[in-house]
Amino acid sequence: MKNSLKIKLAALGLIGAALLFLVTGPGQRLLQNARALVPRPEPKFDPRQITGYINDEGIEEELLEGELEGDAIKVQLPLSPGVAAELRVIHQLPESPLEIATLHERNRVNNCELISEDEPVELTSFTPYLTARDERMASVRAPIPSTRQELFTVGLEMMRSDHATLPTVSRRQILSYMGEHYVSVQARVQRDPASGQLFLHHRPLAATVRYRGASITQPFHQAVTTSVQEMHSLGLYLPEGADVTAENLRTLVMTHRNIQLETLATLTDLRRARPDYEYVFVRARPGRTADDRLETHTFATTEHRTRLHYVSPSNDPIQVAQCGIAGTVVFTEFSQGVYPVNAVIRKTSVRSRATYPMDSLDAYASSQGWEGRALAHLNETLDAIIDGKVSFDAPDLATPDLATPEAANYDATAPK
């Protein structure tokens, strides 16, 4: 019995000695040398390696419940303490449909924040609170004064042939709402208190606005809310190794998920509907006329990200045809059989200053001696477009379906 006990104690002593060896310098060097001899598989796409939050210690952190998954990303942070406490950055863009879908879903918490009703459509001054979320975050850290700037507008319409799919009791109300309201997608702009420089926040905002009437935000319809909240921010584009300065936090990357239905397909053939993901990029530059405003430029992809549109300014549209982006929708689900809650997209139209096939942008990147595709050099590509250095297709001005109620007031000769 005593011998057995001695053997057990001796074994425990050996185990303890081995553990001590492993956690000390010689043991650690031995483990590192051993790992170096083991062949490693080729790295696969991992969204945790290209995105992350940055805080005033320069590391990724969890801010609210469920907001963060993945590994920390350390960055330099020369901004004032606390200023970049809730910024999400992205170092490279995903390319394949699976990669984009994965990153889109991982950023569901970074969808558009909704601006409540009875607020000014745009702000001209800085305020500590823009949304209810800001007020909740005030208990975590001091709020950073922000303002809002409109980026682009979105209008919805229906083909006349789809009107019969609407419930009889609410058909007129639904069509009236679509004909009277649009969505304003906006950027949250913040100021570094030390340098006074402006930069973008990674999470966009959205408001419902009347085409005509006072510039006051309106309540959201549930179907519109569902669509708007499928616009997710992937973060502020920050090339690997770039300093985190206000000047380098002015390119916003977003994705929008929608369900596409073939134009001629009927609702009985919804199995042909498929999810589609498109990019929206926002490039901001210092304002030419005011120190407290950024000059913003919006870009959107279509046709499975094969074409890039330089979106025309669309402030204060008076009908869907004048919105920057117009979606032709058909509703597929109704609450209590009356109010729409889900829709599929038949067609998306973009009013653009210019349209660029991605292949032509890749060719431009190659001509500049850049390594890889154009979107691997996102800032340089967008700046070249803004500065008119890239040839483009003729502008793609959206014209409403002539069978829609909105077309009755459409004037093709009106200024855009």
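Numbering starts at 1 and runs along the sequence shown. Everything quoted here is computed from the prediction, not taken from an experiment.
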Open item on the list: Parallel, tilted or perpendicular, judged at 30° and 60°: which one describes the rings of W370 and Y364?
Closed with: perpendicular
TODO: Answer yes or no: is there a side-chain heavy-atom contact under 4.5 Å between F281 and L382?
DONE: yes
Task: Inter-residue atom distance S314.OG - R351.CZ, 0.5 Å rounding - done: 7.0 Å
TODO: Apply the test side-chain hydrogen bond (donor to acceptor under 3.5 Å, both in side chains) to residues N111 and R203: give CA-CA distance (whole Å), side-chain angles for both, the deciding distance (0.1 Å), then the verdict.
DONE: CA-CA 7 Å; N111 59 17; R203 189 182 298 107; 5.9 Å; no
- [ ] Measure across N248 and L238 and return the closest heavy-atom pair with its distance rounded to 0.1 Å.
- [x] O-CD1, 3.7 Å
Task: Short side-chain donor-acceptor distance under 3.5 Å, H221 and T208 - done: no
Open item on the list: Ignoring hydrogens and geometry beyond distance, is a side-chain donor-acceptor pair present between R283 and T251 at under 3.5 Å?
Closed with: yes
- [ ] Return yes if some donor-acceptor pair links the side-chain N/O of E278 with the main-chain N/O of R257 below 3.5 Å, else return no.
- [x] no
Task: Non-neighbouring partners of E105 that pass salt bridge (Lys or Arg N to Asp or Glu O under 4.0 Å), sequence neighbours left out - done: R108
TODO: Start with the C-alpha distance between D383 and K389, add both sets of side-chain angles, then the distance that settles salt bridge (Lys or Arg N to Asp or Glu O under 4.0 Å), and finish with yes or no.
DONE: CA-CA 9 Å; D383 286 340; K389 297 179 179 179; over 6 Å; no
TODO: Would you please test L114 and V228 for side chain to side chain contact (heavy atoms under 4.5 Å, CB included) and show each step?
DONE: CA-CA 9 Å; L114 304 183; V228 166; 4.0 Å; yes
- [ ] Over all heavy atoms of both residues, which pair between H202 and G235 is shortest? Give the atoms and the distance, please.
- [x] CB-CA, 4.1 Å
- [ ] Show your reasoning for whether salt bridge (Lys or Arg N to Asp or Glu O under 4.0 Å) applies to D316 and R212.
- [x] CA-CA 8 Å; D316 301 322; R212 298 176 177 85; over 6 Å; no
Task: Flag side-chain contact, heavy atom, 4.5 Å: V320 against M178 - done: no
Open item on the list: Could you report the tightest heavy-atom contact between L308 and F299, atom names first, then the distance?
Closed with: CD1-CB, 3.8 Å
Task: Residue among V244, V282, L200 satisfying side chain to side chain contact (heavy atoms under 4.5 Å, CB included) with L236 - done: L200
Open item on the list: Using only atom types and a distance under 3.5 Å, with no angle test, would you say the side chain of T226 pairs donor to acceptor with the backbone of V341?
Closed with: yes
TODO: Search all heavy atoms of P94 against all heavy atoms of Y279 and return the closest pair with its distance.
DONE: O-OH, 2.5 Å
Task: Any side-chain heavy-atom pair of V280 and T298 under 4.5 Å - done: yes
Task: Flag side-chain contact, heavy atom, 4.5 Å: M159 against V330 - done: no
Open item on the list: Donor-acceptor pair, distance only, cut-off 3.5 Å: does the side chain of T165 make one with the backbone of D162?
Closed with: yes
Task: Sub-4.5 Å side-chain heavy-atom contact between R353 and P313 - done: yes
Task: Note: E157-R346 ion pair, threshold 4.0 Å (strictly below) - done: no
Open item on the list: Does any part of the side chain of P97, heavy atoms only, come nearer than 4.5 Å to the side chain of Y277, both counted from C-beta?
Closed with: no
Open item on the list: My understanding is that only residues two or more places apart in sequence, or in another chain, count here; which of them pass salt bridge (Lys or Arg N to Asp or Glu O under 4.0 Å) with E180?
Closed with: R210
- [ ] Scan side-chain atoms only and decide if T217 and E117 contain a donor-acceptor pair under the 3.5 Å cut-off.
- [x] no
- [ ] Carefully, step by step, assess V253 and S233 under the rule side chain to side chain contact (heavy atoms under 4.5 Å, CB included).
- [x] CA-CA 6 Å; V253 178; S233 168; over 6 Å; no
Task: Main-chain N/O of S170 paired with Q173 side-chain donor or acceptor, under 3.5 Å - done: no
Task: Heavy-atom side-chain proximity of S184 to V209 below 4.5 angstrom - done: yes
- [ ] Might you point out which heavy atoms bring N110 and R88 nearest each other, and give the distance in Å?
- [x] ND2-CD, 3.4 Å
Open item on the list: Test your reading of the model: is there a side-chain donor-acceptor pair from Q149 to the backbone of V189, 3.5 Å cut-off?
Closed with: no
Open item on the list: Can you tell me how far apart CD1 (I345) and OG (S227) are? Round to the nearest 0.5 Å.
Closed with: 6.0 Å
Open item on the list: Tell me if the OH atom of Y177 is crowded by more than 12 foreign heavy atoms within 6.0 Å.
Closed with: yes
- [ ] Classify the angle between the aromatic ring planes of H104 and H232 as parallel (below 30°), tilted (30 to 60°) or perpendicular (above 60°).
- [x] parallel
- [ ] Measure across D276 and H304 and return the closest heavy-atom pair with its distance rounded to 0.1 Å.
- [x] OD1-ND1, 2.9 Å
Task: Interatomic distance, L130 atom CG to Q190 atom CD [nearest 0.5 angstrom] - done: 8.0 Å
- [ ] With sequence neighbours left out, write down each residue that passes salt bridge (Lys or Arg N to Asp or Glu O under 4.0 Å) with E247, or none if nothing qualifies.
- [x] none
Task: Side-chain donor-acceptor pair present, Q197, R250, cut-off under 3.5 Å - done: yes
- [ ] Check whether any side-chain heavy atom of V338 lies under 4.5 Å from a side-chain heavy atom of F334, and answer yes or no.
- [x] no
- [ ] For the pair F331 and I174, evaluate side chain to side chain contact (heavy atoms under 4.5 Å, CB included) and give the outcome as yes or no after the intermediate values.
- [x] CA-CA 10 Å; F331 296 105; I174 293 169; 3.9 Å; yes
Task: R191 to F126 six-membered ring, cation-pi geometry met (6.0 Å, 45°) - done: yes
Task: Check: P204 main-chain N/O paired with E113 side-chain donor or acceptor under 3.5 Å - done: no
- [ ] Would you please name every residue forming a ring pair (Phe, Tyr, Trp, His ring centres under 6.0 Å) with Y182, sequence neighbours left out?
- [x] Y211
Open item on the list: Using modelled atom types and a 3.5 Å cut-off, is there a donor and acceptor pairing between side-chain atoms of H309 and backbone atoms of S352?
Closed with: no
Task: Separation of T153 OG1 from Q186 CD (nearest 0.5 Å) - done: 11.0 Å
Task: Lys/Arg N to Asp/Glu carboxylate O, E95 vs R373, below 4.0 Å - done: yes
- [ ] State which residues pass ring pair (Phe, Tyr, Trp, His ring centres under 6.0 Å) with F152; sequence neighbours excluded, sorted by chain then number.
- [x] none
TODO: Return yes if some donor-acceptor pair links the side-chain N/O of R285 with the main-chain N/O of L294 below 3.5 Å, else return no.
DONE: no
Open item on the list: To the closest 0.5 Å, what do you measure between CD1 (I216) and CG (D118)?
Closed with: 7.0 Å
Open item on the list: Test your reading of the model: is there a side-chain donor-acceptor pair from S360 to the backbone of Y356, 3.5 Å cut-off?
Closed with: no
TODO: Decide yes or no on side chain to side chain contact (heavy atoms under 4.5 Å, CB included) for V311 and H297, but give the supporting numbers first.
DONE: CA-CA 8 Å; V311 182; H297 303 262; over 6 Å; no
- [ ] Output yes when a side-chain donor or acceptor of T381 lies under 3.5 Å from a complementary backbone atom of A374, and no otherwise.
- [x] yes
Open item on the list: Just to verify, what does H256 make a ring pair (Phe, Tyr, Trp, His ring centres under 6.0 Å) with, not counting sequence neighbours?
Closed with: none
TODO: Give, for atom CE of M358 and atom CG of D362, the distance between the pair rounded to the nearest 0.5 Å.
DONE: 8.0 Å
Open item on the list: Strictly below 4.0 Å, N to O, side chains only: are D359 and R307 in salt-bridge contact?
Closed with: no
